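Just below is one structure, and these are the notes that go with it.
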Number of protein chains: 2
Amino acid sequence: MKKDTKISNAVIKRLPRYRRYLKELQKKGVDKISSNEFSSLIGYTASQIRQDLNNFGGFGQQGYGYNVEGLYNEISAILGLDKEYKMIIVGAGNLGQAIANYTYYYKAGFVVCGIFDINPRLIGLKINDIEVMDYENIVEYVEENQINIGIICTTKDSAQEVADKLCFAGVSGLWNFAPVDLEVPDHVAIENVHLSDSLHSLAYHMNRNATENE
Amino acid sequence: MKKDTKISNAVIKRLPRYRRYLKELQKKGVDKISSNEFSSLIGYTASQIRQDLNNFGGFGQQGYGYNVEGLYNEISAILGLDKEYKMIIVGAGNLGQAIANYTYYYKAGFVVCGIFDINPRLIGLKINDIEVMDYENIVEYVEENQINIGIICTTKDSAQEVADKLCFAGVSGLWNFAPVDLEVPDHVAIENVHLSDSLHSLAYHMNRNATENE
DNA sequence: TAGATTGTTAATCGATTAACAATC
DNA sequence: TAGATTGTTAATCGATTAACAATC
């Protein structure tokens, strides 16, 4: 795998999608695909597909195309999905509980180990078999259990404080569902899921569609 | 508001963020802001801020800056947040229930009117006071209640079929949480929330941070 | 070998940033 | 008026697409 040049985020954001389509192809028993065939399936240009993949190595073979299973495995490895990740959720409100219950991603190696909250009424509860613990003890827990990812499901007002504490405790990634932009040290990765931003963008496009023939 | 030129999606995606920061400024009692001040707050260049806003109109005033409340209202109107939206959720599993409970966005005019499922054990239940109804009756319901947005919380295998039905029934937007890319007619807007893609992208960046000094 | 298709360089397109004249 | 800051044009940068030589 090449490591010399910095790969743009636009490319990274496309990798999980390539991987999803490759999984489907695998399920259908397809074992090779050309960039042209892949293009008409996934909706990126063949040129873009080849460019994207060549950021990481020459996975194809001239005159043949790409091996579906091989490429799937390569992309999984590039994304780091051959590892296991230990996660905790901060905030046991509706959103936090939802994520605790939403086990879709488990199989891909992301395990929710615990949930933290400050509300004494929630502490001790089990959600999807995961214990709700006291936020007081979060630093200790992260250190002792080598937690990799913190999932922030708090209100926007406490999100930064929680982020600071998690970074201090040693997580290397934050998955942020609070509707704020968080400051984190350079060595911590952050991914935001701004649900309301997404809904607002949907609203924009709905209105544009409605008025575009005026 | 100018309507002549097509505005790029990159711009649209920034609008909700501008709006969030403007809301915070309003709360703090700030009533004007220059593009330079806004830049150091929000992290976009002053130039970009002025370019973005001028896609929609001249909201600022030379020598003064932008009126915080005025700009907030303008952006809200551009996004279509001065209207009300009626939504239904399809799929009363963990994710669907979570979204039904996650009332954060309600105040912004997005109302969940109903939830639909095919599972007879779930039909009739109330989640956050919203009734779970039989998927059989969904077209009729959408038509009669003038539902604007369908929220897809099904498995990836039934998502396209649900999308087709919702489009046929007359929704003008889809908020898709299923991990597939859906085909919809041109007049229907779609916004995807691919949670696992987001998590995979986080994993990538975590590993990049860990290895970048090798 | 001939045909197919990649890997990669070059051209194009679009988005961001810089500069500055307009103007409040 | 003088100073500040926008609106807008021009320059730059980066990402996408096209083209084609390399090669399986």
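Quick note on labels: first sequence line is chain A, next is B, and so on, each numbered from 1. Since we're looking at a predicted model, the values are computed, not measured.
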Distance check needed: C:dT6 C1' versus A:Ile49 CD1, whole Å only. 12 Å
To the side chain of A:Gln48, which of C:dA15, D:dT16, C:dT16 is closest? D:dT16
Looking at C:dT9, does its base get a donor-acceptor pair with the side chain of A:Gln51 below 3.5 Å? yes
Mind calculating the distance between CZ (A:Phe56) and C1' (C:dT6) to the nearest angstrom? 17 Å
Using the benzene-type ring in the case of Trp, are the ring centres of A:Tyr18 and A:Tyr72 under 6.0 Å apart? no
Quiz question: by atom type and distance under 3.5 Å, do the side chains of A:Asp164 and A:Gln160 form a donor-acceptor pair? yes
B:Asn55 CG to D:dG7 C1', straight-line distance once rounded to whole Å: 12 Å
Does B:Tyr66 reach the side chain of B:Lys32, with side-chain heavy atoms less than 4.5 Å apart? no
Is it true that the side chains of A:Tyr135 and A:Asp117 contain a donor and an acceptor less than 3.5 Å apart? no
Is the charged tip of A:Arg50 near the ring of A:Phe59: under 6.0 Å from the six-membered ring centre and within 45° of its axis? no
Cation-pi check, B:Arg208 onto B:Tyr204 ring (under 6.0 Å, within 45° of axis): yes
In whole angstrom, what separates A:Asn54's CG from C:dT6's C1'? 8 Å
Distance check: side-chain N/O of B:Arg14 vs OP1/OP2 of C:dT16, anything under 4.0 Å? yes
So, A:Asp181 and B:Arg20, do they make that salt bridge, N to O below 4.0 Å? yes
side-chain N/O A:Ser47 vs D:dT16 OP1/OP2, d < 4.0 Å: no
Can you sort out the partners of A:Glu69 under side-chain contact (heavy atoms from CB on, under 4.5 Å), two or more places apart, ordered by chain and number? A:Gln26, A:Asn67, A:Asn73
Can you confirm whether A:Arg19 sits close enough to A:Leu81 that some side-chain heavy atom of one is under 4.5 Å from a side-chain heavy atom of the other? yes
Base-paired stems in DNA chain D, each at least three Watson-Crick or G-U pairs under 3.5 Å: C:3-24 with D:3-24
A:Asp52 CG to C:dG7 P, straight-line distance once rounded to whole Å: 12 Å
Does A:Tyr44 place a side-chain N or O at less than 4.0 Å from the phosphate oxygens OP1/OP2 of D:dA15? no
Whole angstroms only, please: what is the CZ-C1' distance between A:Phe38 and C:dT5? 16 Å
Considering only heavy side-chain atoms of B:Arg50, the closest of D:dT6, D:dT17, D:dT16 is D:dT6
Roughly, in whole Å, what's the span from CG in B:Leu53 to P in D:dT6? 10 Å
Rounded to whole Å, how long is the line connecting atom CG of B:Asn36 with atom C1' of C:dA18? 13 Å
Taking only N and O in the side chain of B:Ser35, is any of them less than 4.0 Å away from OP1 or OP2 of D:dT5? no
Is A:Asp52 salt-bridged to A:Arg14, cutoff N-O under 4.0 Å? yes
Which nucleotide wins on minimum distance to the side chain of A:Ser34, given the candidates C:dT5, C:dA15, D:dT17? C:dT5
Protein N or O to nucleotides 21-24 of chain C N or O, pairs below 3.5 Å:
from: C:dC24; atom 1: O3'; to: B:Gln61; atom 2: NE2; distance (Å): 2.7
from: C:dC24; atom 1: O2; to: B:Gln62; atom 2: O; distance (Å): 3.2

